[in-house]
**Q** 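Take this structure, written in structure tokens, and hold onto it; I'll ask about it next.
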Amino acid sequence: MLPFDFDYFQPKSLKEAVELFRYLEQQGKQPMFFSGGTELITLGRIDLAFSDAVIDIKNIPECKVMQYSGDYLFIGGALSLTQIEEANPFPLLTKVASEVADHTARGKITLGGNICAQIFYREAVLPLLLADSQLLIVGPEGVQTIHINDIFQQQLKLKKGELLVQTATERRFIEAPFFTVKRRQQWDTGYPLITIAALKIDQEFRVAISGLCPFPFRSQEAEAYLNRQGSMEERIDGALSVLPKPILDDVEGSAQYRLFVLRNLLYDALVALE
Amino acid sequence: MASKTITLHVNGEVRTITVRASDTLLFALRGKLGLTGPKPGCLNGDCGACTINVDGWPMKSCLMLAVEAVGKEVVTIEGLHDTPIQRAFVEEFAFQCGYCTPGFIMNCHSLLKQHPDADDRIIKEWLESNICRCTSYIEIEKAVKSVLRKEEPGG
Amino acid sequence: MEVIGKSVIRKDAAEKVTGRAKYTHDYQTGRILSCKMVISPYGHAKIISIDTSNAQKVPGVRAIIAGKHYPLTGEAIRDRPPIAVEKVRYHGEPVALVVADTPGQAKTAADLIKVQYELLPVVNSPTQAFQKGAPLVHEHLGEYKKEEDSHPVPGTNIATLYKIRKGQMDKGWAESETVVEASFSFAPSDHAAMETRCATAEIKPDGTIIIMTSSQAPFMVKRLIADYFGEDMGKIIVHTPLVGGAFGGKASVQLEVLAYLASKAVGGEPVKLLNSREEDIITSPCHIGLDATVKFGADRNGRIRAAEIRYLWDGGAYSDKAVDVTRSGAVDCTGPYDIENLWCDSYCMYTNHPYASPFRGFSHSELSFAIERTMDLLAQKLNMDPLELRYINAIKPGDTTPTRVKLNKSNVGNLRKCIDKLKELFNWDEGIIKEVNKRYVRVKGVSCSWKTSTIDSDAPSGVILTFNRDGSINLMSGVVEIGTGTKTVLAQILAERLKMDVDNIHVRMEVDTQTTPEHWKTVASRGTFMGGRAVLRAAEDVIQQLKEVAACVLKAPKDDLEIADSRVFLRDDPSIGLHFKDIGYGYKYPNGETIGQQIIGRGSYILRHLTHLDPETGAGKPGPEWTVAAYGVEIEFDKRDYTYRLIKACTVVDIGNVMNEKAALGQVMGAMSMGLAFAGRETFYFDELGRVLNPQLRTYRPLRYGENPQYVVGFVETPQLDGPYGARGVGEHGLMGMPGALGNALSNAAGVSLHHLPLIPELVWRAKEAAKNASI
């Protein structure tokens with residue numbers, strides 16, 4: 001039961017969506033793009049999210065693609081995680097996504113929604129960070145293609161009125177060997193204590209992490225250590241010494257314990273990919 | 001932001017109702033259509049008690065707006081009649097208080113349709129979406145598997 | 001036995017698998033206003049001001065209640081304002097109520113109420129509450145109205161103390177060669193029934209108060225509202241339809257009072273109050289926490305000679321049922337062991353936590369964790385097999401309980417038999433630790449428990465039977481169908497006694513306090529026992545009446561008549577007889593003349609010989625019988641990561657007699673599931689302001705499908721002679737041993753002694769780190 005109401009729009013094209021956003025804003029509204037909408041519904045209920053003009057992008061064809069074009073796999077931002085899992089075009093993404101929330105909820109949660117979420121785990125972004133994905137973004141200035149590392153810093157830095165349309169990922173990353181584990185406080189349910197995703201490309205490790213800091217990240221500094229010569233322990237110590245801050249210290253687990261878990265997971269990732 | 005009149009396809013019927021755009025499908029089903037089979041348990045997408053089927057897939061109706069359901073085939077527990085999974089729930093004592101049961105059955109029903117050959121991994125992946133606080137889940141596992149076995153050719 | 005023991009399909013099955021079963025919130029006929037609470041965001045704070053002016057302006061708002069003094073409420077001690085005044089004592093406490101036309105309007109208005117608070121120091125654990133100079137949760141503890149056997153200590157946070165003094169402590173310690181002492185603690189947690197609590201109230205123009213509530217205690221709602229507010233008890237009618245899980249959490253009376261006050265504020269119009277999940281977790285009463293210290297002394301043979309126990313129960317901000325939980329914890333304080341020399345203090349402490357209601361097991365799963373972990377520590381120190389230690393100390397007929405009840409073959413189950421059976425089912429002989437590979441081990445832990453039900457000494461249970469014209473019977477009992485299937489079992493008991501087809505017995509699922517005979521509360525695994533006894537008596541009543549008419553018609557003495565298959569007939573010639581349908585409403589001769597009358601069977605039961613406890617020694621008879629059980633949990637433990645999976649959980653319980661096999665298995669396995677979740681994951685996390693940081697089901701996490709182990713259940717059947725067909729209460733027992741057995745398994749696996757719940761990998765990691773640092 002949301003304590004507020006909104007106008008609801010279902011544009012059929014990107015152009016219409018973007019123009020609608022601008023128009024509504026000019027009218028003094030607080031428009032919001034909506035694909036799965038699970039955050040607006042659940043956080044709105046407890047007064048942590050608000051919109052009075054919802055623009056549902058699920059009917060826009062570009063937001064629903066899932067296909068290769070040349071060497072690139074395009075995945076629409078409005079596809080549900082379940083749809084992506086069932087089709088399984090990107091095994092690492094499938095594996096990471098399949099640990100988000102639960103199966104039924106993933107039928108509603110979308111790729112774009114997860115990446116742009118307020119809740120800071122945003123795990124679906126991890127494979128994209130590792131795979132040098134390109135993001136197709138549409139906004140008042142038209143469509144742009146941006147390398148994920150240039151626009152995802154802790155969160156997706158969208159400007160007002162911009163919308164994530166698709167992700168594009170090169171085939172060689174999709175076919176690269178990978179490793180991923182989601183470790184929770186206990187058993188198989190709940191937010192991540194640590195979710196780690198790792199990939200080996202051009203003989204180099206890449207690693208991205210959610211749950212360690214209040215944002216998901218890929219750390220090239222940590223990777224540099226992991227890719228050095230030396231004992232496993234030294235390499236991991238090095239990687240742990242250059243982690244971003246702050247380390248989460250909350251009800252899911254203390255900072256020190258998270259580091260303990262991460263150390264072991266890094267070890268497992270290295271073993272699996274070496 | 002006046003109320004909207006929308007037409008939904010629910011349990012094989014065409015129903016026209018008036019809702020706020022921000023009303024969830026759960027709220028509309030219960031409040032506007034009198035379908036109280038889907039249960040509110042958390043309104044947060046966590047417990048699965050409000051699970052229904054939308055176009056054959058399980059959906060937590062607290063996570064969906066009523067306006068999003070326009071043009072889709074919605075089935076609630078009231079739309080199932082003497083299905084194998086309902087009979088199996090009775091036989092296996094796969095319910096106690098019954099509150100999670102409509103949601104659990106709708107999830108199982110969809111699972112059996114989408115994956116008639118589901119293995120343990122798939123069953124777990126699907127069914128961990130619902131909480132049952134009374135049973136041990138073993139009863140529910142038995143119920144699902146008894147239907148899977150029956151649906152195997154020659155099984 | 002024809003019907004008893006069979007897995008008779010539950011009477012509520014068809015409606016529950018079709019979505020037609022209705023719970024309180026599902027009844028929506030006619031106009032009903034919505035009520036929304038404003039709740040405290042802090043654990044302990046002074047209310048400086050409440051501004052409702054903006055909320056008043058919201059369209060549809062009918063009434064706002066805030067800052068008003070109402071009579072204090074609470075069961076053992078009247079310490080709780082229904083809506084907070086002057087200060088708040090826990091995170092989630094109701095501070096204001098809004099009544100509006102729709103739930104949306106009520107929520108919008110509630111959000112606009114501005115409450116100004118001034119923070120007060122927080123009492124964040126019972127141990128802290130116990131310390132001298134701790135902040136006081138209740139400043140005027142001496143002024144509250146209370147029940148006779150509650151003893152709050154003004155100027156402290158002690159809501160009450162129960163003492164057990166038995167034997168001679170100095171003698172006991174002198175005989176003890178080996179002594180272990182350990183402390184344990186865990187925070188409060190939640191019942192997390194899938195149906196959040198809901199209550200509606202309406203006050204008719206003639207003063208009739210109609211309440212509908214998802215409650216285990218509709219008759220208590222009636223009594224308490226009459227008592228608190230001076231209402232006519234006969235004018236209060238409480239309806240309880242099916243209840244969506246309860247586990248003790250719905251035995252407390254809370255929302256009903258708020259709904260009643262809300263209805264009163266709008267001229268008696270019907271009002272509904274439905275908890276959000278967050279409110280259900282923090283505002284409504286929770287599962288009690290505990291800080292415990294246990295000291296055991298044993299002789300060289302492993303016989304426990306002395307025990308000194310202190311329980312500090314985390315009753316939370318208001319004592320309500322926590323006082324009774326504390327008492328129950330004293331009564332069975334030792335676990336199921338015969339200990340001659342015993343000293344126990346069981347304190348109910350006030351803290352700034354959500355207040356406690358009963359929780360399945362009623363203090364026993366909690367104290368068992370402390371006792372059973374200590375038993376393992378003792379076994380370790382004695383270098384003895386942990387099951388052997390339990391076996392030789394097992395309580396048995398001839399022993400006395402902590403409150404000095406003499407046990408006999410009927411009032412206590414056979415624990416040694418349970419232990420023997422556990423050994424077999426749990427493959428105990430293969431050893432505690434089995435290596436899977438260098439990194440993984442499979443490890444076992446065991447525990448035992450016992451429990452009596454410490455209910456009111458005058459608690460009644462009643463049953464009415466009426467006939468339909470086709471000879472079928474309607475069974476009305478005040479037992480609430482909370483999921484346990486008890487009403488189906490009652491039908492089985494009736495069918496067995498009347499030797500009739502259980503399908504011809506119709507059970508009324510709903511309870512209303514005006515027409516359903518009272519069953520005190522549907523708690524404490526008493527439904528089958530007390531309701532069953534009432535059914536047997538009602539059956540006897542019906543048999544006499546049926547035979548009376550039949551004797552007349554058949555011209556035969558009553559003694560020559562038998563009853564079976566819905567007929568009364570001659571013992572030596574069953575072909576001569578009458579069907580129930582021909583006599584249930586009197587017998588009509590061909591000429592129209594009628595004899596007899598409508599047959600209405602009545603039966604009631606009250607537990608006998610229960611007494612209060614002596615305030616100095618605890619001596620007294622607190623409950624009718626002790627059900628006993630033995631448990632095992634096996635885990636697969638990762639020695640590197642300290643994570644583990646649940647492999648197998650086993651309960652062997654002396655059930656007296658199995659009434660409905662699948663229902664009984666369901667009760668035991670479901671309880672184990674809940675116990676493992678409590679032991680392994682569920683807890684409230686508090687911050688320094690006393691706020692619960694995880695009040696949602698995505699952060700407060702019950703067990704999910706596939707996280708469960710394999711379950712093994714064994715039954716021992718030592719009939720309880722007073723029980724219907726020998727049955728013992730069994731609804732709670734599967735749960736009670738899980739925290740202890742899992743704690744023991746994990747301690748064995750990790751090689752460190754674990755003293756807290758929940759048993760998460762981080763807890764193991766901390767203990768390992770502490771051990772490492774200690775050894776450096």
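So that the names make sense, note that chain A is the first sequence line, chain B the second, and so on, each numbered from 1.
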**Q** So, does A:W187 use its side chain to make a donor-acceptor pair with the main chain of C:Y644 at under 3.5 Å?
**A**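 Side chain of A:W187 to backbone of C:Y644: a pair is present.
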**Q** May I ask you to name which of C:D111, C:T108, C:L693 has the most heavy-atom pairs under 4.5 Å with chain A?
**A**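 Of the candidates given, the most pairs with chain A belong to C:D111.
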**Q** For chain A, which candidate among C:R766, C:R704, C:Q696 shows the most heavy-atom pairs at distances under 4.5 Å?
**A**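 Between C:R766, C:R704, C:Q696, the count favours C:R704.
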**Q** Within the 4.5 Å heavy-atom criterion, are A:Y257 and C:E769 side-chain neighbours or not?
**A**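 No - every pair of side-chain heavy atoms lies 4.5 Å or more apart.
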**Q** Among A:I46, A:T189, A:V251, which residue forms the greatest number of heavy-atom pairs with chain C at distances under 4.5 Å?
**A**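 So the answer, after comparing A:I46, A:T189, A:V251, is A:T189.
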**Q** When you look at C:Y685 and A:E252, which way does the side chain to side chain contact (heavy atoms under 4.5 Å, CB included) test go after all the steps?
**A** CA-CA 10 Å; C:Y685 292 94; A:E252 302 296 339; over 6 Å; no
**Q** Give a yes or no on whether the backbone of A:Q186 and the side-chain of C:R681 come within a donor-acceptor separation of less than 3.5 Å.
**A**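 A pair under 3.5 Å: yes.
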**Q** So how far is it from C:R640 CZ to A:Y267 OH, rounded to the nearest 0.5 Å?
**A**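 Between atom CZ of C:R640 and atom OH of A:Y267 there are 7.5 Å.
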**Q** What's the separation between atom OH in C:Y705 and atom CG in A:D188, rounded to the nearest 0.5 Å?
**A**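 Going from OH on C:Y705 over to CG on A:D188, the span is 12.5 Å.
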**Q** Side chain, backbone, both or neither: which part of C:L703 has a non-hydrogen atom closer than 4.5 Å to chain A?
**A**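 Only the side chain of C:L703 comes within 4.5 Å of chain A.
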**Q** Heavy-atom cut-off 4.5 Å, strictly under: side chain, backbone, both or neither for C:E278 against chain A?
**A**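 Only the side chain of C:E278 comes within 4.5 Å of chain A.
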**Q** Under a 4.5 Å cut-off applied to non-hydrogen side-chain atoms, are C:R698 and A:D102 in contact?
**A**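 No, side chains not in contact.
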**Q** Is there a donor-acceptor pair under 3.5 Å between the side chain of A:Q185 and the backbone N or O of C:I760?
**A**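 A pair under 3.5 Å: no.
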**Q** More than 12 foreign heavy atoms under 6.0 Å from CD of A:E274: is that the case here?
**A**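 Enclosed.
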**Q** Side chain, backbone, both or neither: which part of A:R45 has an atom under 4.5 Å from a heavy atom of chain C?
**A**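 For A:R45, the contact with chain C is made by backbone and side chain together.
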**Q** Do A:Q256 and C:W765 come close enough that some side-chain heavy atom pair is under 4.5 Å?
**A**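 Yes. Closest side-chain heavy atoms under 4.5 Å.
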**Q** Would you mind checking if C:K107 and A:D47 are paired as a salt bridge, meaning a charged N to carboxylate O distance below 4.0 Å?
**A**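 Salt bridge flag = yes for C:K107 with A:D47.
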**Q** Picking from C:D641, C:T643, C:L759, C:L646, which has the most non-hydrogen pairs under 4.5 angstrom with chain A?
**A**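 So the answer, after comparing C:D641, C:T643, C:L759, C:L646, is C:D641.
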**Q** In terms of heavy-atom proximity below 4.5 Å to chain A, should C:R701 be classed as side chain, backbone, both, or neither?
**A**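 Just its side chain gets close to chain A.
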